[in-house]
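In what follows, a single structure is set out as structure tokens and then discussed.
None of the values given here were measured: they were computed from a predicted structure.
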Amino acid sequence: MERRGYLLHTATGRYDDAELPAKPAFYGDPKYGRMNLRLGTHPSLKQTKWEITYLPSEVTKATAAAMGRPETEGQHRFQLKPETIRTASASAIRSWALQASPFDNVGAMLPVKELIGLMSYNFDLIIPGAQTIWSNTIERTDEDIADLLFATPYQYTMRHRFPKPPGV
């Protein structure tokens with residue numbers, strides 16, 4: 001449930017680079033990619049373009065060379081940098097903060113039952129250009145737009161005007 005990681009400060013512990021029972025790893029198949037639906041509508045509403053795009057997950061030879069990591073060819077595009085992994089065993093951590101923002105306290109709501117250790121790392125996330133695998137453009141007439149909106153396009157806006165209270 002923690003979105004932004006843990007805070008380990010030098011005043012509350014240290015990295016002892018101990019071996020931990022689990023290390024971060026990508027668990028998906030790099031052969032699988034990601035498909036996204038992309039919609040683009042002209043401000044006049046006269047044209048909408050629908051596209052399905054495919055973002056491959058496998059690092060190609062050219063991408064691996066561009067990253068300076070030729071050994072990652074054929075692997076997933078989410079790459080941990082092994083030289084940046086730092087670990088802290090449970091005995092090296094005296095206290096810690098588990099908080100996503102100044103306004104919540106996840107550590108109090110979900111207290112830790114067993115502390116195995118903490119790990120920090122940097123990573124490379126390569127996002128190549130997506131391939132458009134399907135596209136469809138919808139053209140609308142003025143009558144279609146009137147039927148769609150029941151009004152003249154953009155005659156009315158979403159802006160709200162609130163009355164000022166007395167004395168302001």
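Among residues two or more places apart in sequence or in another chain, the side chain to side chain donor-acceptor pair (under 3.5 Å) test is passed with S135 by none. The side chain to side chain contact (heavy atoms under 4.5 Å, CB included) test applied to R38 returns E51, T53, T132, not counting sequence neighbours. Here Q47 pairs with E139 under the side chain to side chain donor-acceptor pair (under 3.5 Å) rule; sequence neighbours left out. With sequence neighbours excluded, the residues forming a side chain to side chain contact (heavy atoms under 4.5 Å, CB included) with A18 are D16, S89, listed by chain and number. Residues that satisfy the ring-ring contact (aromatic ring centres under 6.0 Å, His included) test with F123, not counting sequence neighbours, are F78. Take T137 and apply the side chain to side chain donor-acceptor pair (under 3.5 Å) test, not counting sequence neighbours, and it matches no residue. Not counting sequence neighbours, N122 has no partner by the side chain to side chain donor-acceptor pair (under 3.5 Å) test. Residues satisfying the side chain to side chain contact (heavy atoms under 4.5 Å, CB included) test with S57, not counting sequence neighbours, are H76, R77. Applying the side chain to side chain contact (heavy atoms under 4.5 Å, CB included) test to E83 and every residue at least two apart in sequence or in another chain returns R69, K81.
Looking at heavy atoms from C-beta onward, T48 lies out of side-chain contact with H42 at the 4.5 angstrom threshold.
Note on L37: it clusters hydrophobically with I138, by side-chain heavy-atom contacts below 4.5 Å among ILVMFWY residues. In this structure, W134 is a member of the same hydrophobic cluster as Y54, with clusters built from ILVMFWY side-chain heavy atoms closer than 4.5 Å.
The OG1 atom of T72 lies 12.5 Å from the NZ atom of K61; values are rounded to the nearest 0.5 Å. Rounded to the nearest 0.5 angstrom, K46 NZ and D144 CG are separated by 9.5 Å.
Taking both residues in full, the closest heavy atoms of L20 and A88 are given as CD2-O, 4.2 Å, listed atom of the first, atom of the second, then distance.
No more than 12 heavy-atom neighbours from other residues, nucleotides or ligands sit within 6.0 angstrom of CH2 on W50.
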